[in-house]
S.K.: 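Here it is: the structure, laid out below.
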Amino acid sequence: MGVLRTSLLGSISVAMLAAGLGAATASEAKFFKRIATMPVYETLAEGVDRKSETVAEIIAASEDGMTLAFTDGPQEAIVFLDATNPAQPAPTGRVTLGGEPTSVAISGKYALAGVNTSESYTKPSGYLAVIDIVTKQVVARCDVKGQPDSVAASKDGKFLAIAIENERDEDLNDGVLPQLPAGFLTIFDLDKNGMPKNCDAVRTVKMTGLAAEGGSDPEPEFVAINGKGEAVVTLQENNHLAIVDLVSGKITKHFSAGVATAENVPVKKARMSDASGSAVDIPREPDAVAWIDDNRFVTANEGDYKGGSRGFTIWNKDGTIEFDSGNQMEHLGMSHGHYPAKRAHKKGTEPEGITVGKFGGETLIFVNSERGNFVAVYRDTGADPEFLQFLPTHVGPEGLLAIPSRNLFVVANEKDDVKDKVRAHVGLYEFGASSAEYPQLISSIDPETNAPIGWGAISGMVADKDDANKLYAVSDSFYDKARIFTLDVSKQPVEITGHMDLFGGTAKKYDLEGISLRQDGGFWLASEGNAKKDMEHYLLQASAHGEIQQEIKLPESLIAQAKRFSLEGVAEFEMDGKTLVAVAVQREWKDDPEGMTKIGIYNPAEKSWGFVHYPLDAPRSSAGGWVGLSEVTSLGNGKFAVVERDNKGGREAAIKQVSVISLKGIKPAPHGSKLPVLKKKVVLGLLPSMSATNGWTPDKVEGLAVTKDGRILISTDNDGVDDASGETLFFSMGDAAQLH
């Protein structure tokens with residue numbers, strides 16, 4: 001039997017997970033605010049197809065922070081941006097390199113990029129491109145003797161270190177090491193302008209024989225340099241770390257990265273973000289690394305070969321572990337709805353990038369989640385770091401860049417797939433806001449698992465009849481279980497306080513898209529069908545405990561006309577002394593005139609269906625697309641608020657609105673007869689609120705609820721963080737009087 005589980009505060013506080021105030025008071029707190037999100041395709045030259053694959057992977061800044069440069073591997077280019085006005089970064093040029101740029105740093109007058117020109121895994125090659133940041137010309141090419149990965153320049157401008165990975169073929173013998181040739185570290189000595197002085201005679205540091213794992217085949221992944229001219233190098237696949245003195249080119253210390261454990265995290269192969277077990281004694285296999293000070297550094301333990309401990313670790317350069325995050329990154333992803341549930345059993349949120357910067361007099365650590373699409377911001381305390389803020393990013397955050405002199409933080413997002421409507425972006429955040437804009441919805445701790453309640457893909461909402469601060473919401477078929485959540489909207493951010501899973505039905509899976517309260521207790525639920533996935537179109541009647549009591553189908557004649565996009569919102573209402581249920585069909589079906597979709601009216605007492613037509617707006621996006629319904633909410637007296645939207649996101653989004661309709665004087669007709677057409681009035685435009693946080697505007701606004709005290713609340717569907725940013729917007733549109 002399903003039980004609505006209410007959370008209690010466990011070992012991790014909700015305030016901490018919500019990026020609350022930490023140790024500071026509200027008046028003292030300072031936060032980062034996203035000020036710009038720039039699609040990388042906008043940096044392409046005029047005439048180049050904007051659908052071309054472009055990415056932003058590793059990003060660097062000039063000493064004054066006014067010029068940014070990032071790698072675009074698919075286009076084999078370094079891209080330059082003018083960040084003089086960080087809220088409106090402007091492309092200033094692309095430099096084509098004749099190979100894949102893997103990393104970039106800026107020292108003095110030059111951008112220094114590692115370029116991979118390898119013929120094969122067994123014949124690796126590459127060079128250092130020295131690019132004048134003013135003229136955008138390659139002024140020197142220095143052979144690096146192998147396939148470069150990470151590039152790092154010392155702050156004093158004396159050294160450039162490059163991790164020469166000579167990466168393995170993951171398809172060869174399951175990627176087992178060794179696969180020669182071995183990798184190493186290269187060192188260039190720079191002049192006062194940033195030009196390599198030993199371009200023709202790069203210094204090399206051998207790293208064979210260090211690691212217990214694949215010691216004959218070291219694969220250096222990332223390098224960072226402290227203020228003493230010491231480089232820390234991660235050997236990710238070898239699960240090893242090395243400290244190199246750049247003056248002498250000698251390894252002064254090396255040690256295993258060891259193992260770590262993350263308890264109460266998702267480990268099962270399932271589309272859920274529930275804590276199903278623990279990842280025990282997993283090799284860290286660190287990827288990115290950054291120095292906190294001259295003696296301590298921090299690694300992002302993404303994993304690759306055998307590991308991935310799902311967190312980050314603070315080290316002393318003598319090899320001592322000073323802190324390990326355990327399950328914190330996992331729980332942050334779960335609580336914020338950013339958990340990549342589709343691949344949870346592998347490496348979880350996959351912390352990959354890391355950087356450090358001093359803001360507001362505090363040393364801050366930034367750790368990204370490549371799969372969860374977020375950055376966790378921590379304050380260095382000299383002991384256990386203090387979590388401060390959760391920053392949403394676009395899809396696939398890779399490079400992180402702190403520019404303290406300008407109070408800026410930058411994220412390069414590398415995922416780019418036109419077919420999946422995902423484009424790579426560069427995101428800019430400014431330090432100094434008095435409050436955090438995100439998250440807007442968060443979950444509390446489930447006492448049964450001692451982990452946050454897993455959630456995502458919120459697709460429908462309804463307000464409690466008696467409690468003005470309580471809502472119910474559902475998530476869609478992205479997840480394996482059909483789930484109803486309880487929300488406390490008196491809190492900021494709004495908090496998911498409990499959940500229950502549906503049980504007792506006949507279907508293998510439901511696709512919940514709408515929820516409404518029944519007058520006699522329990523819920524009505526709209527489950528969207530999909531013939532290709534053998535899923536029926538259902539209006540479900542469920543008890544207050546989540547037991548499915550009825551599976552109500554549409555008329556057979558109508559099902560024969562069905563297309564993929566079907567039932568969305570649902571709303572119970574009273575009219576002419578009858579209790580009825582309205583369900584919205586998202587788009588036109590085969591028997592609908594163009595620009596018309598149906599709203600079905602079900603009579604539970606008579607077990608009968610009637611239908612009306614709803615006139616959809618024509619698409620207005622420059623990218624075309626379609627327009628459909630996402631939600632229907634009863635306003636009483638036969639009136640409804642309806643969410644109407646197009647399927648476009650980002651700058652292509654054009655229609656996100658709330659309309660009001662009425663059934664007064666309208667008699668729904670049986671399917672097969674001529675249907676009456678409703679009149680609608682557009683009363684609210686949602687786009688300004690949806691784009692207010694300067695991120696990628698989501699295409700799926702799907703939840704609308706009107707609270708007992710008259711607030712209009714809106715939510716968006718984050719698609720389960722699958723080829724989507726994972727951001728969920730939850731905001732108020734003001735007084736419900738606007739709907740009347």
Side-chain angles (χ1 to χ4, degrees), residues 34-56 72 74-75 79 81 87-91 373 392-397 411-428 457 459 564-565 568 586-588 594-595 597 616-631 643-659 682 684-703 714-729 731:
R34 183 169 48 197
I35 57 174
T37 299
M38 191 202 72
V40 178
Y41 66 79
E42 291 188 354
T43 68
L44 290 169
E46 187 175 347
V48 177
D49 187 354
R50 291 299 190 262
K51 294 182 180 179
S52 302
E53 183 183 5
T54 59
V55 309
D72 182 353
Q75 297 296 315
V79 183
L81 301 177
Q88 294 181 325
N373 306 328
T393 72
H394 203 53
V395 185
V411 180
N413 303 278
E414 67 173 337
K415 177 71 174 180
D416 194 80
D417 192 323
V418 173
K419 183 179 179 182
D420 288 335
K421 301 184 210 177
V422 176
R423 303 311 305 266
H425 283 71
V426 173
L428 290 88
S459 57
R564 173 188 163 196
F565 300 93
E568 287 286 325
Q586 187 170 65
R587 292 178 58 193
E588 305 99 326
E594 185 177 355
T597 190
L616 297 166
D617 276 15
R620 296 197 294 270
S621 172
S622 59
W626 51 260
V627 177
L629 302 183
S630 285
E631 178 75 292
V643 173
E644 187 174 355
R645 68 171 181 88
D646 59 20
N647 67 327
K648 297 301 177 182
R651 299 181 185 182
E652 295 176 344
I655 298 175
K656 316 290 178 189
Q657 63 194 29
V658 177
S659 299
V682 178
L684 291 175
L686 304 178
L687 272 175
S689 295
M690 293 175 67
S691 59
T693 61
N694 296 308
W696 175 263
T697 302
D699 64 318
K700 295 183 179 179
V701 52
E702 297 202 0
I714 301 289
S715 66
T716 63
D717 177 354
N718 74 355
D719 280 329
V721 207
D722 183 32
D723 286 331
S725 72
E727 289 189 49
T728 295
L729 302 182
F731 55 93

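Because the structure is a prediction, the values reported are computed rather than measured.
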S.K.: Taking the side chain as C-beta and beyond, is there a heavy-atom pair between Ser52 and Gln75 under 4.5 Å?
M.R.: yes
S.K.: Could you tell me whether a side-chain N or O of Asp699 sits under 3.5 Å from a main-chain N or O of Gly649, the two making a donor and an acceptor?
M.R.: no
S.K.: State whether Glu568 and Arg645 are salt-bridged, where the test is any N-O pair (Lys NZ or Arg NE/NH1/NH2 against Asp/Glu carboxylate O) under 4.0 Å.
M.R.: no
S.K.: Looking only at non-hydrogen atoms, find the nearest pair between Ala724 and Asp719 and report the distance.
M.R.: CB-CB, 3.8 Å
S.K.: Measure the spacing between CE of Met690 and OG1 of Thr697 and express it to the nearest 0.5 Å.
M.R.: 6.5 Å
S.K.: Any chance you could lay out the side chain to side chain contact (heavy atoms under 4.5 Å, CB included) test for Asp416 and Val40, step after step, and finish with the verdict?
M.R.: CA-CA 9 Å; Asp416 194 80; Val40 178; 5.8 Å; no
S.K.: Report yes or no: does Glu727 contribute a side-chain atom to a donor-acceptor pair with the main-chain N or O of Asn718 at less than 3.5 Å?
M.R.: no
S.K.: Quick check: closest heavy atoms across Glu631 and Gly703, and the distance to 0.1 Å?
M.R.: OE2-CA, 3.6 Å
S.K.: Looking only at heavy atoms, what is the nearest atom pair of Val701 and Thr716, with distance?
M.R.: CA-CG2, 4.0 Å
S.K.: Donor-acceptor pair, distance only, cut-off 3.5 Å: does the side chain of Glu644 make one with the backbone of Ser659?
M.R.: no
S.K.: Identify, with sequence neighbours excluded, every residue that meets salt bridge (Lys or Arg N to Asp or Glu O under 4.0 Å) alongside Asp417.
M.R.: none
S.K.: Are any of the side-chain heavy atoms of Leu686 and Ile714 separated by less than 4.5 Å?
M.R.: yes
S.K.: Could you grab the distance from atom CD of Glu588 to atom CZ of Phe565, nearest 0.5 Å is fine?
M.R.: 11.0 Å
S.K.: Under a 4.0 Å N-O cut-off, is there an ion pair linking Asp646 with Arg620?
M.R.: no
S.K.: Has the side chain of Arg34 got a donor or acceptor atom that lies under 3.5 Å from a matching backbone atom of Thr693?
M.R.: yes
S.K.: As an exercise, state the distance from CD of Gln88 to CG of Leu428, rounded to the nearest 0.5 Å.
M.R.: 11.5 Å
S.K.: Between His394 (side chain) and Arg423 (backbone), is there a donor-acceptor pair under 3.5 Å?
M.R.: yes
S.K.: Backbone N or O of Gly427 within a donor-acceptor pair of the Thr37 side chain at under 3.5 Å?
M.R.: no
S.K.: For the CG atom of Leu729 and the NZ atom of Lys656, what is their distance to the nearest 0.5 Å?
M.R.: 11.0 Å
S.K.: Under a 3.5 Å distance rule, please check whether Asp72 uses its side chain to pair with a backbone N or O of Val55 as donor and acceptor.
M.R.: yes
S.K.: Looking only at heavy atoms, which two atoms of Val426 and Ala56 are closest? And how far apart?
M.R.: CG2-CB, 3.8 Å
S.K.: Taking the side chain as every heavy atom from C-beta outward, state whether Ser715 and Glu702 have any pair of such atoms under 4.5 Å apart.
M.R.: no
S.K.: Where does the angle between the aromatic ring planes of His425 and Trp696 fall among parallel (under 30°), tilted (30 to 60°) and perpendicular (over 60°)?
M.R.: perpendicular
S.K.: To the nearest 0.5 Å, what is the distance between NZ (Lys648) and OG (Ser622)?
M.R.: 8.5 Å
S.K.: Quick one: closest heavy-atom pair of Pro89 and Ala36, and the distance?
M.R.: CD-CB, 3.8 Å
S.K.: Above 12 or not: heavy atoms from other molecules or residues under 6.0 Å from CZ of Arg50?
M.R.: yes
S.K.: Using atom types as modelled and distance alone, determine if a side-chain donor or acceptor of Thr393 lies under 3.5 Å from a backbone N or O of Asn373.
M.R.: yes
S.K.: Looking at CG of Asp49 and CG of Leu44, how far apart are the two atoms once the value is rounded to the nearest 0.5 Å?
M.R.: 8.5 Å
S.K.: Looking at every heavy atom in both Gly720 and Ala457, which two are closest together, and how far apart are they?
M.R.: N-CB, 3.9 Å
S.K.: Assess whether a salt bridge exists between Asp723 and Lys415, defined as any Lys/Arg side-chain N lying under 4.0 Å from an Asp/Glu carboxylate O.
M.R.: yes
